[in-house]
Amino acid sequence: MSTALVTGATSGIGLAFCRELAERGNDLVIVARRRAGLENVSDELRARHSINVEILAADLSKRAALRRVADRVADRDRPIDLLVNNAGFGTSKSFLKGELADEEAMFDVLCRAVLVLSHAGALSMKDRGRGAIINVSSVAGFVPMGTYGAAKGWCTAFTQSLAHELAGSGVSATALCPGFTHTEMHERAKVDMSKLPKVMWLEADRLVRDCLDDVKAGKVLSVPGVQYKVIAGIAQVAPRGLVRALSGRASSIRRPKR
Ligand SMILES: NC(=O)c1ccc[n+]([C@@H]2O[C@H](COP(=O)([O-])OP(=O)(O)OC[C@H]3O[C@@H](n4cnc5c(N)ncnc54)[C@H](OP(=O)(O)O)[C@@H]3O)[C@@H](O)[C@H]2O)c1
């Protein structure tokens, strides 16, 4: 039995992590902005499993709220054994057409929050000689796909570097790089995904189970789905000019909703 802290726990991939970890008997600390959503998740999980669920309502784009979550991660009297940095969102507008404030909030959640919480988690886990960090990145991080893709590229590179620094400490770091997954994210970003072929969709519960297997196997990169393993593999070795040209065409599948 151990304790996992999951950010973005109220829907999609974060909720799937909470359900799977609760099923496996872990206590949970769940983080998101909306307290009502967190209370629903807590009620659901405590009704089904004999576990403790602690609620932390926090907007990770705000420094003071992020600090509160980092302090909870670092609390040595109530150790966190698994940290899942999952909270995130995308935008429908391109960099030059959108608001800079929205871009900054996305950057703060996708990068700064991951940096600050990984720092708190890695230090306290390293002291105890055990623990795991999962940073939910994206296959978009392997290709030039707007500021979202750039932030995820940072997340993947950062997690690989963290894993290297933690080698031999008993603590692991894994970047989970999903492709398009059925969650609330695209609806919330007001993006029309109707042009995406069915074969490209992933299911959150399956990818979470695969990711936890990858963590157990000591993998630093977890890319769910054969189709995305192939894409990620090619993107990492193909000439950059070709990758840029193909990712430009692939980006057109995501259209702002009218
Ligand atoms: N869905 C995909 O196709 C896909 C593909 C690759 C990677 N990902 C990544 O997977 C992760 C989870 O996304 P999802 O698809 O599961 O999206 P989702 O269903 O929209 O869930 C996002 C979660 O993050 C929370 N959140 C959003 N902004 C936050 C903030 N400022 N502070 C704290 N919590 C915040 C949301 O709750 P509140 O609104 O209550 O805060 C919610 O719990 C993200 O990092 C995303 O980039 C998704």
Side-chain angles (χ1 to χ4, degrees), residues 5-20 28-42 55-70 72 84-92 101-114 116-118 134-143 145-156 158-159 175-193 196 200-208 211 221-225 227-228 231-232 250 253-254:
L5 184 144
V6 180
T7 69
T10 49
S11 76
I13 295 171
L15 179 56
F17 265 111
C18 291
R19 287 181 173 146
E20 185 61 30
L28 289 167
V29 182
I30 56 176
V31 182
R33 284 168 303 180
R34 292 165 301 164
R35 179 170 289 279
L38 290 167
E39 280 165 1
N40 288 341
V41 174
S42 170
I55 286 175
L56 253 180
D59 182 341
L60 297 174
S61 70
K62 308 274 188 267
R63 284 187 186 235
L66 176 58
R67 191 69 260 152
R68 267 194 299 119
V69 181
R72 177 62 189 86
V84 184
N85 280 311
N86 161 79
F89 58 91
T91 58
S92 62
D102 294 340
E103 290 286 345
E104 287 187 295
M106 186 171 76
F107 183 84
D108 286 347
V109 175
L110 298 188
C111 298
R112 182 183 289 114
V114 173
V116 170
L117 299 183
S118 295
I134 298 171
N135 289 332
V136 181
S137 187
S138 170
V139 84
F142 294 116
V143 292
M145 271 202 164
T147 47
Y148 175 84
K152 293 302 191 180
W154 176 87
C155 180
T156 303
F158 163 71
T159 307
L176 166 58
C177 304
F180 294 109
T181 308
H182 280 126
T183 68
E184 291 179 14
M185 187 170 104
H186 309 289
E187 193 60 39
R188 283 194 197 205
K190 298 189 174 58
V191 174
D192 176 3
M193 295 297 302
L196 186 74
M200 299 312 286
W201 283 108
L202 299 172
E203 300 304 325
D205 48 359
R206 169 75 196 270
L207 74 83
V208 160
C211 175
L221 281 186
S222 175
V223 181
Q227 67 279 54
Y228 289 108
I231 291 171
I253 287 175
R254 280 179 91 254

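Both counts, for ligands and for their atoms, begin at 1 and track the order of listing. Every value quoted in this text rests on a predicted model; they were computed, and no experiment measured them.
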Relative to the heavy atoms of A9, which atoms of ligand 1 are at a distance of less than 4.0 Å? 43 (O)
Is there a donor-acceptor pair under 3.5 Å between the side chain of R112 and the backbone N or O of L60? no
Nearest neighbour in protein (non-hydrogen) for atom 22 (C) of ligand 1: G88 O, 3.7 Å
Please identify each residue that fulfils side chain to side chain contact (heavy atoms under 4.5 Å, CB included) with T181, with sequence neighbours left out. I13, P178, T183, L202, A204, L207
Number the atoms of ligand 1 from 1 as they appear, then name those within less than 4.0 Å of a heavy atom of V136, with their elements. 9 (C), 10 (O), 11 (C), 45 (O)
Can you list everything that forms a side chain to side chain donor-acceptor pair (under 3.5 Å) with T156? Sequence neighbours excluded, please. S137
So if I count the atoms of ligand 1 from 1 in the order they appear, which ones are less than 4.0 Å from some heavy atom of S11? 16 (O), 18 (P), 19 (O), 20 (O), 21 (O), 42 (C), 43 (O)
Scanning both residues in full, the closest heavy-atom pair of Y148 with M106 reads N-CE, 3.6 Å
With backbone taken as N, CA, C and O and side chain as the heavy atoms from C-beta onward, which portion of A58 lies under 4.0 Å from ligand 1: side chain, backbone, both, or neither? backbone
If you have a sec, work out which protein heavy atom is nearest atom 47 (O) of ligand 1 and how many Å separate them, to one decimal? Y148 OH, 2.6 Å
For F180, atoms of ligand 1 separated by under 4.0 Å from a heavy atom: 3 (O)
Quick one: nearest non-hydrogen protein atom to atom 6 (C) of ligand 1, plus distance? P178 O, 3.3 Å
In ligand 1, which numbered atoms sit nearer than 4.0 Å to a non-hydrogen atom of A87? 24 (O), 34 (N), 35 (C), 45 (O)
Could you identify the single nearest non-hydrogen protein atom to atom 42 (C) of ligand 1 and state the distance to 0.1 Å? T10 OG1, 3.5 Å
Using a 4.0 Å heavy-atom cut-off, say whether H182 meets ligand 1 through its side chain, its backbone, both or neither. neither
If we only count N/O pairs under 3.5 Å, is I13 in contact with ligand 1? yes
Tell me whether L60 has any N or O atom under 3.5 angstrom from an N or O of ligand 1. yes
Where the closest heavy atom to atom 13 (O) of ligand 1 is concerned, which of M200, E187, M185 has it? M185
Compute the shortest N/O to N/O distance between S138 and ligand 1 and return yes if it is under 3.5 Å, no if not. no
Run the numbers for me: atoms of ligand 1, each under 4.0 Å from some heavy atom of R34, listed by number. 37 (O), 38 (P), 39 (O), 40 (O)
Take atom CD of E187 as the centre, draw a 6.0 Å sphere, and report whether it contains more than 12 heavy atoms from other residues, nucleotides or ligands. no
Check whether S138 reaches the backbone of C177 with its side chain - one donor and one acceptor, N or O, closer than 3.5 Å. no
Should the proximity of C177 to ligand 1, defined as any heavy atom under 4.0 Å, be assigned to the side chain, the backbone, both, or neither? neither
heavy-atom search around atom 24 (O) of ligand 1 in the protein gives G8 CA, 3.3 Å
